[in-house]
Amino acid sequence: MNTYTHGHHESVLRSHRQRTAGNSAGYLLPYLRSGMSLLDVGCGPGTITVDLAARVAPGHVTAVDATDEALEVARAEARAGNVSNVAFALADVHALEFPDGTFDVVHAHQVLQHVADPVQALREMRRVCVPGGFVAARDSDYAGFIWYPQLPALDRWRDLYEQAARANGGEPDAGRRLLSWAQDAGFDEIVPTGGIWCFATPQDRDWWGGMWADRILQSALADQLLASGWATAAELAEIASAWRAWAAAPNGWLAIPHGEILCRA
C-alpha cells in the first residue's frame, strides 16, 4: 500500500466523519437490499459503513482498512450507533484475504486514488464479489475542483496536494479514470456516473474552510510538504489564511466532482 497522504489527524477525521451513504454513495443505494452481504473497502472512520449496514440489515457488512488507527475509529462509530452487523479487519485491497465470491456488494469510497495499483484493486474487488453482484467505487478529482472567489493561494494548495499525492504513489485525479480502470480490470458491465459535493452555505463554508485551514498546518500532508522542502511554514500559513478568507466570503462557493462506477461482477 502507498503512504496515505492525508494521515489521520483530527482535521482529516473531521472531514471524513461528514460522509454518509446518502451524500457519498447515492449511486449505489438503489441496488442495496435487505439481507445482502457487503464489503466496505477503506472504511475510514466508519460513518458510511454504519449507514450501509443499516440498509442491508439483517445482512452483514465487513469493513476493512489498511491501518489499525482507522479501524479503531470505525469500531467506535459502530458502537456509538449500536450497530451489530459489522465486522472489522485489516486488509490490503491489492490482495484481499477472502475467498472468491464472498460478498454480494463490494464498495470503496475515496480509496482508489490512494492505492498503488487501482486496476489490481478492482480485480480483487471483483474476485471476492459473487457473480452478478456489484462492485462500486467513487473518487474525487482534484484537478476538477472549482471555487470562487479566485484566491491564488488555493491554486497553490491544489498544486501542492497533487504533488504530494503523486509522490506517495497515488492519483489525485482518480475520478476521471475510474471507467478506464474498470475496463482494464476486466469488467464488461459498467455504469459510469458522476456526482458533486457543493459547499456554499455559511455553515458548509465554515466547516470546509476551517477544516482545510487546520489540515494544511497540522496533518501528515503538512508534515510531508515541510519535510520535502516543497513548501515553507509561511506558505502553508498563507494557504490556511486563504481557506479562512474563502469561508468568510459571503459569495464563497466550491464544488468537488466525483467519478462513480457501478460494475457487475
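The first residue in the sequence is number 1, and the count goes up from there. Because the structure is predicted, anything quoted here is derived from the model rather than measured.
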Checklist entry - Would you call Leu160 and Trp230 a side-chain contact if the rule is heavy atoms closer than 4.5 Å? => result yes
Checklist entry - Looking just at side-chain N and O atoms, do His258 and Tyr27 make a donor-acceptor pair shorter than 3.5 Å? => result no
Checklist entry - When rounded to the nearest 0.5 angstrom, what distance separates CG in Asp139 from CD in Gln113? => result 4.5 Å
Item to check | Min side-chain heavy-atom separation His6-His114 under 4.5 Å | outcome: yes
Item to check | Polar contact flag, side-chain donor to acceptor under 3.5 angstrom, His107-Asp40 | outcome: yes
Checklist entry - What are the two closest non-hydrogen atoms of Ala74 and Cys43, and how far apart are they? => result CB-SG, 4.1 Å
Item to check | Glu235 side chain near Arg156 side chain, heavy-atom distance below 4.5 Å | outcome: yes
Checklist entry - Under 6.0 Å between ring centres, would you say that holds for Trp157 and Trp243? => result yes
Next on the checklist: Side chains of Leu122 and Leu112, heavy atoms from C-beta outward: is any pair under 4.5 Å?
Outcome noted: yes
Item to check | side-chain contact (heavy atoms from CB on, under 4.5 Å) between Trp197 and Ser140, intermediate numbers included | outcome: CA-CA 9 Å; Trp197 287 338; Ser140 59; 5.9 Å; no
Checklist entry - Side-chain contact, heavy-atom cut-off 4.5 Å: Asp65 with Leu90? => result no
Checklist entry - Any side-chain heavy atom of Glu171 within less than 4.5 Å of one from Arg166? => result yes
Item to check | Derivation and outcome, side-chain contact (heavy atoms from CB on, under 4.5 Å), residues His94 and Arg123 | outcome: CA-CA 8 Å; His94 301 95; Arg123 290 191 186 111; over 6 Å; no
Item to check | Closest approach of Thr102 to Ser37 (non-hydrogen atoms, all atoms of both residues) | outcome: O-OG, 3.6 Å
Checklist entry - Could you state the interatomic distance from CZ (Arg138) to CD1 (Ile261), rounded to the nearest 0.5 Å? => result 12.5 Å
Checklist entry - Given the side-chain rings of Trp246 and Trp212, with only the six-membered ring counted for Trp, is the space between their centroids under 6.0 Å? => result no
Next on the checklist: Less than 4.5 Å apart, side chain to side chain, heavy atoms only: is that true for Glu77 and Thr49?
Outcome noted: no
Checklist entry - Roughly how far, to the nearest 0.5 Å, is the CG atom of Asp100 from the CZ atom of Arg126? => result 11.5 Å
Item to check | Glu162 and Asp173: CA distance, side-chain angles, deciding distance, side-chain contact (heavy atoms from CB on, under 4.5 Å) verdict | outcome: CA-CA 8 Å; Glu162 293 213 334; Asp173 301 339; 2.5 Å; yes
Item to check | Cluster check Tyr142, Leu254: I/L/V/M/F/W/Y, side chain < 4.5 angstrom | outcome: yes
Checklist entry - Between Arg244 and Asp206, does a salt bridge (charged side-chain N to carboxylate O under 4.0 Å, His left out) hold up when you go through it step by step? => result CA-CA 8 Å; Arg244 295 195 185 281; Asp206 184 62; over 6 Å; no
Item to check | Minimum heavy-atom distance Val86-Ala63, with the two atoms named | outcome: CG1-CB, 4.2 Å
Checklist entry - Of the non-hydrogen atoms in Arg55 and Ala21, which two are nearest, and what is the gap between them? => result NE-CB, 3.9 Å
Item to check | Co-membership, hydrophobic cluster, residues Val105 and Leu96, 4.5 Å side-chain | outcome: no
Item to check | Close side-chain approach of Leu262 to Leu28, heavy-atom, < 4.5 Å | outcome: yes
Item to check | Ring-face cation contact, Phe187 with Arg264, 6.0 Å cut, 45° max | outcome: no
Checklist entry - In the single-linkage hydrophobic clustering (I, L, V, M, F, W, Y; side-chain heavy atoms under 4.5 Å), do Phe145 and Leu178 co-cluster? => result no
Item to check | Any donor-acceptor N or O pair under 3.5 Å, side chains Gln150, Asp155 | outcome: no
Item to check | Phe199 and its ring-ring contact (aromatic ring centres under 6.0 Å, His included) partner, picked from Trp207, Trp253, Tyr148, Trp147 | outcome: Trp207
Checklist entry - Could you go step by step and tell me if Phe103 and Val130 meet the side-chain contact (heavy atoms from CB on, under 4.5 Å) rule? => result CA-CA 6 Å; Phe103 303 98; Val130 300; 5.9 Å; no
